[in-house]
Asker: 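Quick one: this structure, given as structure tokens, is what I'll be asking you about.
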Amino acid sequence: MHATHSLSTHRVHKVILALMDITQLFGEKVRSIRKEQQLSQDELADQCGLHRTYIGAVERGERNITLINAEKIANALQVSLSELVSRDD
């Protein structure tokens, strides 16, 4: 029984790591594109209809955001959602 518990715990940890990776990737891409476009976090937040502190948390990879909010950010930055989650540059 212990082995089963360890295996399922291991899988949970892998999922958590994968989520952290994608949220950090997304956040880094949002920050990079925002800065390329010379937008402040306030300006991006206004264009998205989201709060500035939320945008900051997204950029730091601290939020596991919904697809709806991810799409709002992509639209405000005038990029595709796939560009924000792509591991290729």
Side-chain angles (χ1 to χ4, degrees):
M1 187 157 180
H2 179 65
T4 304
H5 180 270
S6 296
L7 183 58
S8 64
T9 301
H10 179 70
R11 286 182 182 159
V12 168
H13 288 292
K14 285 179 73 173
V15 169
I16 290 170
L17 288 174
L19 285 173
M20 288 175 60
D21 289 345
I22 193 69
T23 58
Q24 289 171 345
L25 172 71
F26 184 87
E28 288 173 10
K29 292 227 178 169
V30 168
R31 176 175 280 149
S32 175
I33 294 168
R34 175 181 61 77
K35 286 184 174 186
E36 282 176 12
Q37 295 181 8
Q38 298 180 349
L39 292 171
S40 69
Q41 286 182 342
D42 281 322
E43 291 168 327
L44 178 58
D46 286 344
Q47 291 178 18
C48 298
L50 301 170
H51 196 275
R52 178 194 55 79
T53 59
Y54 183 84
I55 295 295
V58 167
E59 289 185 354
R60 292 187 301 275
E62 297 172 353
R63 300 297 298 252
N64 181 18
I65 69 173
T66 65
L67 287 171
I68 292 168
N69 286 345
E71 184 178 50
K72 287 179 184 180
I73 292 170
N75 289 341
L77 292 172
Q78 299 178 335
V79 298
S80 68
L81 184 53
S82 64
E83 184 174 338
L84 296 178
V85 296
S86 172
R87 294 193 185 274
D88 302 324
D89 284 326

Asker: For a quick test of your reading: what N or O donor-acceptor pairs under 3.5 Å do the side chains of residues 43-50 make, sequence neighbours left out?
Answerer:
from  : atom 1 : to    : atom 2 : distance (Å)
Glu43 : OE1    : Ser40 : N      : 2.8
Glu43 : OE1    : Ser40 : OG     : 3.4

Asker: The criterion is side chain to side chain contact (heavy atoms under 4.5 Å, CB included); which residues satisfy it with Gln37, sequence neighbours excluded?
Answerer: Ile33, Leu39, Leu77
Asker: Excluding sequence neighbours, so at least two apart, what forms side chain to side chain contact (heavy atoms under 4.5 Å, CB included) with Ser80?
Answerer: Ser82, Glu83
Asker: Considering all heavy atoms of both residues, which atom of Leu81 and which atom of Ala70 are nearest to each other, and what is their separation?
Answerer: CD1-CB, 3.6 Å
Asker: Within the 4.5 Å heavy-atom criterion, are Asn64 and Phe26 side-chain neighbours or not?
Answerer: no
Asker: Taking only residues at least two apart or on different chains, which pairs with a member in residues 50-67 satisfy salt bridge (Lys or Arg N to Asp or Glu O under 4.0 Å)?
Answerer: Arg31-Glu59, Arg34-Glu59, Asp42-Arg52, Arg60-Glu62
Asker: Do Ile55 and Ile73 make a side-chain contact, defined as non-hydrogen atoms from C-beta onward lying under 4.5 Å apart?
Answerer: yes
Asker: Can you name the residues that form a side chain to side chain contact (heavy atoms under 4.5 Å, CB included) with Thr66, not counting sequence neighbours?
Answerer: Ile68, Asn69
